[in-house]
2 protein chains.
Amino acid sequence: MYRPAGTSIDREWLVARPRTLKPGRPAYQQIADELRASIRSGELGDGDQLPSETQLIETFGVARMTVRAALQVLQHEGLAVAEHGRGVFVRQRRPFRRRSVQRLSRSQWGSGRAMWEADTADDRTFAATIDVTRERATDDVAERLRIPSGTDVVVRRRLHSVDGQPLQLSAAHLPADIAAGTAIAEPDAGPGGTYARLEELGHPLERFVEEVQARMPSPDEARLLVLPAGVPVITVVRVAHTSERPVEVNEIVVNSDLYVLEYEIRP
Amino acid sequence: MYRPAGTSIDREWLVARPRTLKPGRPAYQQIADELRASIRSGELGDGDQLPSETQLIETFGVARMTVRAALQVLQHEGLAVAEHGRGVFVRQRRPFRRRSVQRLSRSQWGSGRAMWEADTADDRTFAATIDVTRERATDDVAERLRIPSGTDVVVRRRLHSVDGQPLQLSAAHLPADIAAGTAIAEPDAGPGGTYARLEELGHPLERFVEEVQARMPSPDEARLLVLPAGVPVITVVRVAHTSERPVEVNEIVVNSDLYVLEYEIRP
DNA sequence: AAGTGGTCTAGACCACTGA
DNA sequence: CAGTGGTCTAGACCACTTG
């Protein structure tokens with residue numbers, strides 16, 4: 001009973017359904033419930049096309065805005081994506097890429113590989129540097145770097161992509177007294193990246209602290225990361241410390257659909 | 001120019017707006033853009049009421065479904081919440097609670113405190129155990145525990161709340177050969193919880209590995225955690241290891257609005 | 001009772017996709 | 001071209017909150 005992903009089974013789905021809606025619960029939610037159940041059970045698999053709006057209208061005997069509301073529910077739950085002119089499809093699930101934050105080890109960036117390349121192996125990778133600027137630190141960044149608010153920082157803003165797929169945005173902030181005039185203030189920071197340069201400059205990195213949160217993306221973030229509705233972002237604020245002081249604050253926004261963050265804790 | 005949070009400024013907002021929409025971009029998106037800008041700028045602060053649907057209809061000269069679409073956009077971005085019969089409000093922001101996963105230290109659970117109490121200090125806390133059951137391990141859990149698929153496990157499912165506010169769901173899975181017949185299989189596992197019992201039973205915990213992801217909640221999760229639209233959940237799969245074997249897989253789902261996960265990495 | 005949001009209809013026109 | 005989803009209207013009735 002094998003059926004390859006992406007097969008259209010609209011017609012089968014159609015005849016298998018009861019077409020009656022019970023009073024008490026809104027119609028659009030009942031329709032969403034049925035479709036959701038079909039997705040969860042696997043009856044509708046990854047990439048399969050959902051019944052079209054027209055088909056749902058006929059099946060359930062409701063107005064178009066009602067079936068659209070049902071489909072919107074599924075999209076905002078991250079279960080389906082609409083493609084204009086094509087149909088609504090079960091959203092392809094889950095990370096084809098995983099990230100071990102554990103790989104923030106010296107062996108990684110010491111060897112000239114960026115840490116986000118850790119699991120990439122032989123894939124093609126890109127890090128499109130949007131820009132490197134010198135700015136006044138925001139209050140939050142200044143506090144985390146333990147420098148006076150408004151002090152100059154070098155900011156490296158980047159959009160990381162792999163095989164053309166945007167994965168994450170990052171904005172690394174370093175105190176200007178450390179980074180200005182060095183390779184860190186250049187678009188290409190050289191082999192091993194910022195962390196390798198910091199060590200060379202006499203700032204050996206002792207520990208990283210990461211704060212992890214999740215939220216829905218802003219419209220700008222959704223555009224840059226090509227996020228469909230219903231996909232949140234994970235935000236990471238990483239602070240790199242030497243034994244003396246914090247030397248970098250990196251604000252990272254990742255496509256939560258493509259990442260698994262991995263941490264190891266030793267009590 | 002101080003204005004306390006929650007103040008209604010509908011009328012001010014109304015007169016300050018242009019009421020013309022430009023062609024090219026959908027009307028509901030332009031309306032959402034204006035409201036979003038007001039929220040981001042702070043003109044509309046935490047808990048403030050947005051203009052009502054009626055006011056927006058008059059201001060922009062569009063149909064009701066159009067302004068509703070605009071308000072839906074903001075709700076799904078997590079910027080606003082609607083309250084039936086009251087209005088639409090700027091969503092109160094961000095964690096009044098923070099969690100240091102770093103606190104998975106022996107000193108915490110050794111001292112009889114659960115790790116999710118680490119930062120709670122003198123707040124009132126509750127952990128409503130939904131149930132403790134014996135089940136066959138799912139494929140995923142079995143693989144993580146390195147036991148044959150279908151082997152019995154003890155499952156402790158809980159809903160954690162603080163001051164009546166639900167924070168997280170968890171489902172801890174332990175191999176039956178370790179946990180069955182012990183306090184771990186009881187609803188109240190005793191002081192220090194599962195981890196303290198494991199140590200007493202001769203399973204000293206050496207390391208924890210956590211995999212962190214984010215996604216939109218299922219309807220059930222949204223109901224249990226009382227999540228409004230536009231708030232994702234963070235999922236954590238924590239595996240506790242002795243030097244010999246993995247002894248617990250804990251599947252955790254947290255309200256991303258109330259948590260900051262914190263990790264420390266030493267290269 | 002007045003004002004708010006929640007659901008729903010029966011249309012319309014448009015933009016995009018694919019054969 | 002037919003079929004798909006995207007936007008929008010002008011109504012309707014309902015449910016909830018507040019004074």
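Order of the sequence lines sets the chain letters (A, B, ...), proteins ahead of strands, with each chain counted from 1. These numbers come from the heavy atoms of this one structure, side chains and all, not from hydrogens, waters or symmetry mates.
Protein atom CZ of B/R64 is 11 Å distant from nucleotide atom C1' of C/dC8, rounded to whole Å. Nucleotide C/dG5 holds its C1' atom 10 Å from the CG atom of B/L71, rounded to whole Å. What separates CD of A/E58 from C1' of C/dA10 is a distance of 16 Å, to the nearest Å. Between the CZ atom of A/F89 and the P atom of D/dG5 there is a distance of 8 Å, given to the nearest Å. C/dA12 atom P lies 15 Å from atom CE of A/M65, rounded to whole Å. For the pair A/L56 CG and C/dC8 P, the computed distance is 14 Å after rounding to whole Å. Rounded to whole Å, atom P of D/dA2 lies 18 Å from atom CD of A/Q55. Separating the CD1 atom of A/I57 from the C1' atom of C/dG11 is a distance of 11 Å, rounded to the nearest angstrom.
For C/dA15, the base is stacked against the aromatic ring of A/H84, per a cut-off of 5.5 Å between centres and 30° between planes.
Within the 4.0 Å cut-off from OP1 or OP2 of D/dT9, at least one side-chain nitrogen or oxygen of B/T66 is found. Taking only side-chain nitrogens and oxygens, B/Q72 never comes nearer than 4.0 Å to OP1 or OP2 of C/dG6. The side chain of A/Q29 places an N or O atom within less than 4.0 Å of a non-bridging phosphate oxygen (OP1 or OP2) of C/dT7. When the side-chain nitrogen and oxygen atoms of B/R68 are compared with OP1 and OP2 of C/dG6, one or more of them lie within a distance under 4.0 Å. For A/R86 and C/dG18, the shortest distance from a side-chain N or O to OP1 or OP2 is below 4.0 Å. Taking 4.0 angstrom as the limit, A/S52 places a side-chain polar atom (N or O) nearer than this to OP1 or OP2 of D/dT4. Taking only side-chain nitrogens and oxygens, B/Y28 comes nearer than 4.0 Å to OP1 or OP2 of D/dT7. B/T54 has a side-chain polar atom (N or O) that falls below the 4.0 Å cut-off from OP1 or OP2 of C/dT4.
Checking side-chain atoms of B/R91 against main-chain N and O of B/G78 turns up a donor-acceptor pair under 3.5 Å. A distance-only check finds a donor-acceptor pair linking the side chain of A/S256 to the backbone of A/P232 [under 3.5 Å]. Of the possible polar contacts, one joining the A/Q30 side chain to the A/R25 backbone as a donor-acceptor pair under 3.5 Å is found.
Remark: B/R144 engages B/E211 in a salt bridge, criterion side-chain N to carboxylate O under 4.0 Å.
Within 6.0 Å of CZ in A/R136 there are 12 or fewer heavy atoms belonging to other residues, nucleotides or ligands. Residue B/E143 places its CD atom among 12 or fewer non-hydrogen atoms of other residues, nucleotides or ligands, all under 6.0 Å distant.
At a threshold of 4.0 angstrom between heavy atoms, the contacts of A/A69 with the nucleic acid are absent.
Between C/dC8, D/dG6, D/dA10, one nucleotide has an atom nearer to the side chain of A/P26 than all others, and that is C/dC8. Nearest nucleotide to the B/E53 side chain, out of D/dT4, C/dG6, C/dC8: C/dG6.
Mapping B/E83 and A/A63 onto DNA chain C by nearest heavy atom places B/E83 closer to the 5' end of the strand.
Not a single donor-acceptor contact under 3.5 angstrom links the side-chain atoms of B/R25 to the base of D/dT7.
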